[in-house]
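Note: hydrogens, waters and symmetry copies are ignored here, and every other heavy atom, side chains too, is used. One-based numbering along the sequence shown.
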Amino acid sequence: MNHNPESYPPVFRKPINESDDQVTITTTLKNPEEEEEEPKRDDIVLDDSSAPVEVVPVIDLQDIITNLEQQHQLEEACRDWGIFRLVNHGVPLKLISQLQDQAQKIFSMSFEAKQTLFNNNGSSSSTPAAVSYFWGTPALTPSGSVLGKVDPKKINWVEGLNVLLSQLPDYQDQASGDPMLESFRVLLEEYGGHMARLARVIFEAILKTLNMDSKQYNSKSQLLSESTGFVRVYRYPKISKADEEESVIGMQVHSDSSVISILNPNQVGGLEVFKDDKWFHVRPILNELIVNLGDMMQAISNDEFASVKHRVKATKDYERFSICYFVFPTEDGVIRSSKYKPFTYKDFQAQVQHDVKTLGFKVGLERFKNP
């Protein structure tokens, strides 16, 4: 699908070195410690010949509960990579295709139309919007709005829709007058149901590999709460030759705050994961999902499994679209681990928000480490 340049945020319509106006979006500066650990560009693995995609583990959903060999492979994937491919997941390919098509239609709308449609819906900081539009940063408040000011040269080359699945029923009235939005809402509800199913099965299997005694918590639902699930739909615009030379990044190095994230990319690559001091390109494969562990899973596992560092590279050849589901513990469920002070996800979220606003980057679990 060809996109009108007017569909892009203004900063994305010309080479980034020609953009000199300040814009109001979230700060996306990296932690200086992460910058020190960043490998040289010669170490970045971008093609299949130097970094075969097969090195990323593949997990069969149908076998991870009952098959001991598959459970062992899941444990190795979580311990060594923090990311794996998921096959036989049961999400209809037709649903995925329809959702991607609807997302592309929405993103092809003018930038101003998207802002009006999704960000003027009467939501407030205390009333989260079911669907909100953002660009230039993945860091949002719980209500779906962005924070702070940043030089356009430090933005993430991405725009997206933040979808709170638990709020979608309330979105029905707003979407009902627009066939495209109503179709998008219905597809998102169906897709969200599949993602919640996958997350439950995957999480149950991961707990089994950890030999965790769930009695230390009131219930497993404290650790993985379906009501917290949300979807983000991303578009990474093409970049110019000048932007490529500026090393424009689609999304900066980060780890997810979630328990589990489930990514559904289209057929344009760009995702890279950091392992063994190198960046590995994760090539998209039709009808395979990509699952990565987040910060909460690292804490729950007592650091046996790590929250994977990853980023997205922009490309001058194609736009990239992806859909990612994130799920978290309950806000007030206490996470207990010998590595960390007891904390709730609400505590963690508030600290991350504070750090992004005051420091310009997320510190994460280090804030909660035991002395």
Side-chain angles (χ1 to χ4, degrees), residues 1-21 23 25-30 34-35 38-48 50-51 53 83 100 103-104 106-108 111 114 133-140 146 150-162 232-256 261 263-274 278-284 290 292 308-324 361:
M1 179 180 292
N2 293 323
H3 291 279
N4 188 322
E6 296 300 310
S7 71
Y8 292 149
V11 174
F12 296 169
R13 298 175 193 172
K14 59 182 179 178
I16 199 166
N17 55 14
E18 295 180 12
S19 301
D20 40 33
D21 294 331
V23 291
I25 52 176
T26 297
T27 304
T28 55
L29 299 178
K30 290 184 287 186
E34 291 181 349
E35 290 180 350
E38 190 90 347
K40 297 178 181 178
R41 286 195 63 85
D42 290 344
D43 293 328
I44 297 175
V45 183
L46 294 175
D47 55 61
D48 292 340
S50 59
V53 72
I83 187 171
Q100 290 176 341
Q104 290 186 38
I106 290 173
F107 281 123
S108 70
F111 170 66
K114 286 178 287 193
Y133 173 72
F134 64 93
W135 63 276
T137 173
L140 308 179
V146 297
V150 68
D151 188 322
K153 294 180 180 179
K154 295 187 174 72
I155 67 174
N156 293 257
W157 209 252
V158 65
E159 63 174 337
L161 296 171
N162 186 69
R232 285 191 181 169
V233 186
Y234 301 104
R235 176 171 77 158
Y236 298 88
K238 292 189 293 185
I239 58 175
S240 68
K241 180 66 176 177
D243 290 332
E244 186 179 39
E245 292 172 355
E246 291 283 334
S247 299
V248 173
I249 197 78
M251 193 175 293
Q252 297 282 2
V253 179
H254 67 285
S255 63
D256 293 344
S261 305
L263 177 69
N264 174 15
N266 70 344
Q267 294 306 294
V268 177
L271 175 65
E272 297 178 353
V273 297
F274 194 63
K278 290 184 180 180
W279 287 103
F280 290 88
H281 175 62
V282 182
R283 181 169 57 87
I290 297 170
N292 69 267
V308 65
K309 287 183 180 180
H310 54 288
R311 67 183 183 185
V312 177
K313 294 201 71 182
T315 171
K316 64 181 175 62
D317 297 316
Y318 303 99
E319 289 184 328
R320 180 180 187 267
F321 294 86
S322 66
I323 303 168
C324 195
F361 57 86

Any sub-3.5 Å donor-acceptor pair from R320's side-chain atoms to V268's backbone N or O?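 Flag set: sc R320 to bb V268 pair under 3.5 Å.
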
Counting distance only, does the side-chain N/O of H310 pair as donor-acceptor with the main-chain N or O of V308 below 3.5 Å?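 The answer is yes, because a donor-acceptor pair under 3.5 Å joins these two groups.
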
Just how far is it from atom [atom1] of [X] to atom [atom2] of [Y], taken to the nearest 0.5 Å?
X	Y	atom1	atom2	value
E272	R311	CD	CZ	4.5 Å
L263	I83	CG	CD1	8.0 Å
I239	W157	CD1	CH2	8.0 Å
C324	N292	SG	CG	6.5 Å
N266	S322	CG	OG	7.5 Å

Can you give me the closest heavy-atom contact between [X] and [Y], atom names plus distance?
X	Y	value
W135	I155	CZ3-CD1, 4.4 Å
Y8	F111	O-CB, 3.4 Å
H254	M251	CE1-SD, 3.4 Å
K238	Y318	CG-C, 3.2 Å
P237	A314	O-CB, 4.5 Å
K114	I106	CD-O, 3.5 Å

With a 4.5 Å cut-off on side-chain heavy atoms, are [Y] and [X] touching?
X	Y	answer
Y234	L161	no
E319	Q104	no
F274	V253	no

Assess, by modelled atom type and distance only, whether the side chains of [X] and [Y] contain a donor and an acceptor separated by less than 3.5 Å.
X	Y	answer
Y133	E159	yes
R235	S7	yes
N156	T137	no

Begin from the C-alpha positions of V158 and V312 and carry the test side-chain contact (heavy atoms from CB on, under 4.5 Å) through to its verdict. CA-CA 9 Å; V158 65; V312 177; over 6 Å; no

R232 charged N/C atom sitting above F134 aromatic ring, 6.0 Å / 45°: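 Flagged: R232 positioned over aromatic ring of F134.
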
